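Since this is a predicted model, take the numbers as computed values, not measurements.
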Amino acid sequence: NIDSADPVGTAQAPITYARWSGQDMPEIARLTFDTTSVRDVYLEFQEFRFDPGYVLASGGEEYCAVNVKGANHVTFDSCEFEGAKLAGNPPGDAAPYVVGCRLLPGSPLVPTFTTGEVGDASYISIINCTFNHSSYALRISKNAAYPSTNVSHWEVLGCDFISAAEDGILTTGNADLVVAGCHIHDQNYMTSAVSWPGIRTGTWPADFSWAACTQDNTGASAILYCMVDLGGGAHRIIMLPDDEDNLTHRSDVDVWRLDSDPTNVYFTPSDPGESTHPDCIAIQGGTDGLLIENNHFEVTSLAGQVLKFDPVNVPGNPKNVTVQNCLFTAIPYAPTYMILMGGGDNVLICHNTIDAGPDHPLRGIRYYLTISPYDITLRNNILSGVSWTAGVPDSDYNCWLTTPPVQINEGANSMVVTRTQAGFVDWENGDYHLTSSSYAIDEGDANYAPAVSQEHPEGIDYDSNDRDESPDMGAYEYIEE
């Protein structure tokens with residue numbers, strides 16, 4: 001804990017804590033700051049590892065690796081962040097399991113790196129860092145119930161997010177955030193708990209005994225974590241999936257049985273149960289000013305959606321959000337949405353390649369209006385398809401791999417092509433650069449090419465190549481050899 005008596009730097013002379021050359025990376029279990037009042041601390045951590053390690057059960061903020069509430073001007077460069085992990089000896093394929101995702105009803109979030117529940121931390125830089133074994137890897141949140149707090153001017157640059165069980169990045173109510181050059185991949189809901197309410201029969205082992213169980217009809221196996229008494233004879237069983245080849249199923253009819261005594265000890269669910277719903281980035285209400293640029297979002301069948309514009313869980317529409325030059329990819333059979341658009345005010349999605357794969361192409365983007373205003377602009381993207389429930393975007397100059405529904409009023413300058421006509425170099429192996437035969441070349445709207453400086457007047461692409469005065473659609477500009 002860095003408290004009010006500890007030295008801090010200045011804008012002209014920040015204090016740097018760094019790994020000594022030739023020595024192992026220093027490790028800190030938990031970093032916090034004095035929250036009595038917000039201070040400009042001007043501290044930088046270089047090549048540190050932050051890891052709370054293994055814990056006994058579900059907890060709250062005491063299990064976060066880093067909580068910057070109360071501190072402004074803190075930089076983390078080339079650091080490693082790990083989430084809190086459940087203690088015990090589970091044999092499951094998904095171990096180690098993370099803490100803080102639907103483990104117990106009403107349990108608090110346990111992000112690896114956080115602003116805290118209330119917020120109050122600005123000018124935070126996270127550069128070339130890695131996040132692993134997290135429920136929520138990074139929570140950037142201003143609580144609207146505390147209007148005097150401030151969470152603004154964060155940058156997350158060149159970071160690698162691996163296997164978050166819930167959200168890679170959760171943004172709520174914050175302002176002026178940049179997420180650029182990051183790779184978010186291999187999210188896995190199996191690393192967190194699943195649970196069912198229902199009726200238990202027989203004498204179950206004690207909580208945290210890691211007893212093996214099997215689900216009727218599905219062959220799924222899981223580890224008993226604990227039982228929660230719901231009253232009236234009902235309980236909630238908390239389970240940890242332990243076999244990636246026999247995944248747990250949300251079901252209100254398939255009974256769970258204790259492997260050591262399946263006839264006499266079993267649990268009958270009363271509803272389909274709860275599991276995590278991983279988002280690469282969840283953009284919740286109140287977020288004002290967010291640039292998502294030059295990132296690669298890569299999802300598998302064990303992940304959830306990539307970007308979720310969510311004005312429901314936290315009231316208010318995300319506003320002033322730009323998503324550009326990003327690559328959204330899924331393995332062909334991954335049934336996940338690339339973008340879920342529940343609402344947004346002044347949201348621009350341009351020059352992205354968004355491919356949900358040939359098995360589920362319409363999951364490129366999903367429109368479902370939950371709250372007005374609905375001010376969404378799409379330009380210069382290559383998209384596999386769209387699923388529509390409600391909401392009409394301003395959408396034109398896009399290249400579609402399937403015909404978009406008439407309800408979105410797609411503009412006359414867009415096109416529908418085959419994968420062959422899109423001209424990807426090798427999409428099956430993740431190479432979405434364009435070949436010379438691509439129909440997307442020179443077909444973009446120059447008014448929406450993301451200019452970055454006077455030296456790059458037409459903007460740059462995912463690879464930082466200059467675009468020309470007739471930009472190509474998608475994340476990549478075709479560069480003639």
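- Using a 4.5 Å heavy-atom cutoff, the side chains of Ile283 and Leu290 are in contact.
- Using modelled atom types, no side-chain atom of Ser192 and backbone atom of Tyr189 make a donor-acceptor pair closer than 3.5 Å.
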Practice task
Start with the C-alpha gap between Asp259 and Thr214, add the side-chain angles, then the distance that decides, and say whether side-chain hydrogen bond (donor to acceptor under 3.5 Å, both in side chains) holds.
Solution key: CA-CA 6 Å; Asp259 284 1; Thr214 301; 2.8 Å; yes

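- Among all heavy-atom pairs drawn from Val99 and Val110, the shortest one is O-CB, 3.6 Å.
- Panel note: side chain Glu477, backbone Asn465; no donor-acceptor pair is recorded below 3.5 Å.
- Across all their heavy atoms, Asn398 and Asn380 have their closest contact at OD1-N, 3.2 Å.
- Between Leu378 and Ile376 there is a side-chain heavy-atom pair separated by less than 4.5 Å.
- For the pair Ala220 and Trp256, the tightest heavy-atom approach, listed with the atom from each and the gap, is O-CZ3, 3.8 Å.
- Using a 4.0 Å cut-off between charged side-chain N and carboxylate O, Lys85 and Asp51 make a salt bridge.
- Side chain of Trp154 to backbone of Ile126: no donor-acceptor contact under 3.5 angstrom is found.
- With Phe81 as the partner, the ring pair (Phe, Tyr, Trp, His ring centres under 6.0 Å) test is satisfied by one option alone out of Phe50, Phe45, Phe48: Phe50.
- Residues Met341 and Val347 form a side-chain contact, since some pair of their non-hydrogen atoms from C-beta on lies under 4.5 Å apart.
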Practice task
Determine, stepwise, if the pair Ser152 / Asp176 fulfils side-chain hydrogen bond (donor to acceptor under 3.5 Å, both in side chains).
Solution key: CA-CA 5 Å; Ser152 66; Asp176 299 316; 5.5 Å; no

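- Note: Trp210 and Tyr225 meet the aromatic proximity criterion, with ring centroids under 6.0 Å apart.
- At least one donor-acceptor pair under 3.5 Å links the side chain of Asn72 to the backbone N or O of Ser122.
- Considering only heavy atoms from C-beta on, Ser275 stays 4.5 Å or farther from Thr248 through its side chain.
- Counting heavy atoms of neighbouring residues, nucleotides and ligands inside a 6.0 Å radius, atom CG of Asp24 does not exceed 12 of them.
- No donor-acceptor distance shorter than 3.5 angstrom exists from the side chain of Asn246 to the backbone of Ser221, with no hydrogens or angles considered.
- At distances below 3.5 Å, not a single donor-acceptor pair connects side-chain atoms of Thr114 with backbone N or O atoms of Pro111.
- Listed for the Arg379 side chain is no donor-acceptor partner under 3.5 Å among the backbone atoms of Leu348.
- Using a distance-only test at 3.5 Å, with no hydrogens or angles considered, no donor-acceptor pair links the side chain of Asn317 to the main chain of Lys319.
- Glu274 has its side chain within reach of Arg236: a pair of non-hydrogen atoms, C-beta onward, lies under 4.5 Å apart.
- Taking each heavy atom of Thr329 and Met338 in turn, the nearest pair found is N-SD, 4.1 Å.
- Here Glu62 does not pair with Arg30 in a salt bridge; the nearest charged N to carboxylate O distance is not below 4.0 Å.
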Handout entry: Evaluation steps, side-chain hydrogen bond (donor to acceptor under 3.5 Å, both in side chains), between Ser125 and Glu155
Key = CA-CA 5 Å; Ser125 298; Glu155 56 181 6; 2.7 Å; yes

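- Remark: His360 engages no residue in a ring-ring contact (aromatic ring centres under 6.0 Å, His included) (not counting sequence neighbours).
- Distance alone, capped at 3.5 Å, is enough to place a donor-acceptor pair between the Thr115 side chain and the Ser141 backbone.
- A donor-acceptor distance shorter than 3.5 angstrom exists from the side chain of His351 to the backbone of Gly474, with no hydrogens or angles considered.
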